[in-house]
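To start, the structure under review is shown below, and the notes come after it.
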Amino acid sequence: MPQVTVTEQLLIHQKESPMATGRVTRLLNELILAAKIISREVNKAGLANVLGFTGETNVQGEKVKKLDEFANSVLIYRMERSGLLCAISSEENADLIQVPDNLRHGDYILIFDPLDGSSNIDVNVSIGTIFSIFRRTKNNGPVSLEEVLHKGSEQVAAGYFLYGTSTMMVYTTGNGVHGFTLDPSVGEFLLSHPDMKIPETGKVYSINEGNHDYWDQPTRDIVSWFKSQDNHRKKPYTGRYIGSMVSDFHRNLIYGGVFMYPKDSKDSKLNSGKLRLMCEANPMAFVIEQAGGLATDGEKRILDIEPHELHQRVPLFIGSKNDVLKIMEIYGNN
Ligand code: AHM
Ligand code: MG
């Protein structure tokens, strides 16, 4: 089989998908380069302590950043210089980042989580970068917050990079979901998972069950349903929880299943779940819908939620269609 590179595939989709303009292709190519740099550092991460790189200063006397800060600065630095963006929002930055006046501007807005799965960064467990791209609706000048706070259904592209046993890229521009694996020997992402579809009914449920006592009753009922023999499978689902959404999501996308981060009462200030709508839930929801699955906050489609702040949090149930429909049914009956 001839090996298709991600650039070739992007160019094919540029012709087929109305949202995938040449500029989106260039933007994704810039993101790919940033992800390759992050991937290289992630692969060296286990050496940090051995080589004494975790302090503020390394053996060359240079300041060393933590991996999540490193990923954030690589993405901001490279993407600001792409000439295609007018504003950037990162999970790591409280405020919207305007592309500086001295750099070339474009009409796209990039929202990302530079390194998701923070609790797994230091223990050699898979982590990822999540991205979401919108097109600016107004013209010139500084981008207002209102211009960024769009529903997820208006994304033009979204996806993630997974730094796992291999580095992968999975993306959609609204024309299916495509997965690529980085071949380190040639430095290219090669098409390994064309037109990904999630099974309609899954096998796996993924949730942090340590939060059980903080859940509301419908959430407890949902998890009991997955663990019982009285469900779609007529036998318990398998429980799998890595604690890196990108990894849990990716496994479920391939095997079928559902990832859940419901609201809980652990932190009274956060009565709406842990995950962020704009940089985590929206891009994953765009991918899952394009793969034939669903994403909800329990009641509403994630992609229809009107954001009112940049770092808004949201309960998230995402995965195989029949499993998410069941979750909505249980919530709907309460
Ligand atoms: P992060 O962006 O700080 O890494 O938080 C998001 C992560 C998700 O990847 C993961 O699903 C979740 O937090 C795990 O949270 P918990 O440790 O509470 O189960
Ligand atoms: Mg995150």
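Order of listing sets the numbers, starting from 1, for every ligand and every atom in it. Position 1 is the first residue of the sequence, and the numbers go up from there.
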Item to check | Arg23, Glu154, Gln155 screened by side-chain contact (heavy atoms from CB on, under 4.5 Å) with Arg135, the one that passes | outcome: Arg23

Next on the checklist: Ignoring hydrogens and geometry beyond distance, is a side-chain donor-acceptor pair present between Ser224 and Asp221 at under 3.5 Å?
Outcome noted: no

With the criterion set at N/O pairs under 3.5 Å, what does the list of contacts between the protein and ligand 1 look like, atom names and distances included?
from     : atom 1 : to     : atom 2 : distance (Å)
ligand 1 : 2 (O)  : Glu91  : OE1    : 3.0
ligand 1 : 2 (O)  : Glu91  : OE2    : 3.1
ligand 1 : 2 (O)  : Asp113 : OD2    : 3.4
ligand 1 : 2 (O)  : Asp116 : OD1    : 3.1
ligand 1 : 2 (O)  : Glu280 : OE2    : 3.1
ligand 1 : 3 (O)  : Ser118 : OG     : 2.9
ligand 1 : 4 (O)  : Gly117 : N      : 2.8
ligand 1 : 4 (O)  : Ser118 : N      : 2.7
ligand 1 : 4 (O)  : Ser118 : OG     : 2.9
ligand 1 : 9 (O)  : Asp116 : OD1    : 3.3
ligand 1 : 9 (O)  : Asp116 : OD2    : 2.6
ligand 1 : 9 (O)  : Met245 : N      : 2.7
ligand 1 : 11 (O) : Met245 : N      : 3.4
ligand 1 : 13 (O) : Lys274 : NZ     : 2.9
ligand 1 : 15 (O) : Lys274 : NZ     : 2.8
ligand 1 : 18 (O) : Tyr261 : OH     : 2.6
ligand 1 : 19 (O) : Asn208 : ND2    : 2.8
ligand 1 : 19 (O) : Tyr241 : OH     : 2.5

Next on the checklist: Suppose you place the vertex at the Mg ion (ligand 2); what is the angle out to Glu91 OE1 and Asp113 OD2, to 10°?
Outcome noted: 70°

Checklist outcome for this item: For the Mg ion (ligand 2), the nearest N/O/S atom on Glu280 is atom OE2

Next on the checklist: I need the full list of salt bridge (Lys or Arg N to Asp or Glu O under 4.0 Å) pairs touching residues 229-240, with sequence neighbours left out, sorted by first then second residue.
Outcome noted: none

Next on the checklist: Would you compute the distance between atom OH of Tyr205 and atom OH of Tyr241 and round it to the nearest 0.5 angstrom?
Outcome noted: 12.5 Å

Checklist entry - Excluding sequence neighbours, so at least two apart, what forms side chain to side chain contact (heavy atoms under 4.5 Å, CB included) with Val99? => result Leu85, Leu103, His105

Checklist outcome for this item: Looking at Asp116, the N/O/S atom that lies nearest to the Mg ion (ligand 2) is called OD1

Item to check | Under the side-chain hydrogen bond (donor to acceptor under 3.5 Å, both in side chains) test, residues paired with Thr167 that sit two or more places apart | outcome: Ser39

Checklist entry - Is a side-chain donor-acceptor pair under 3.5 Å present for Ser132 with Asn282? => result no

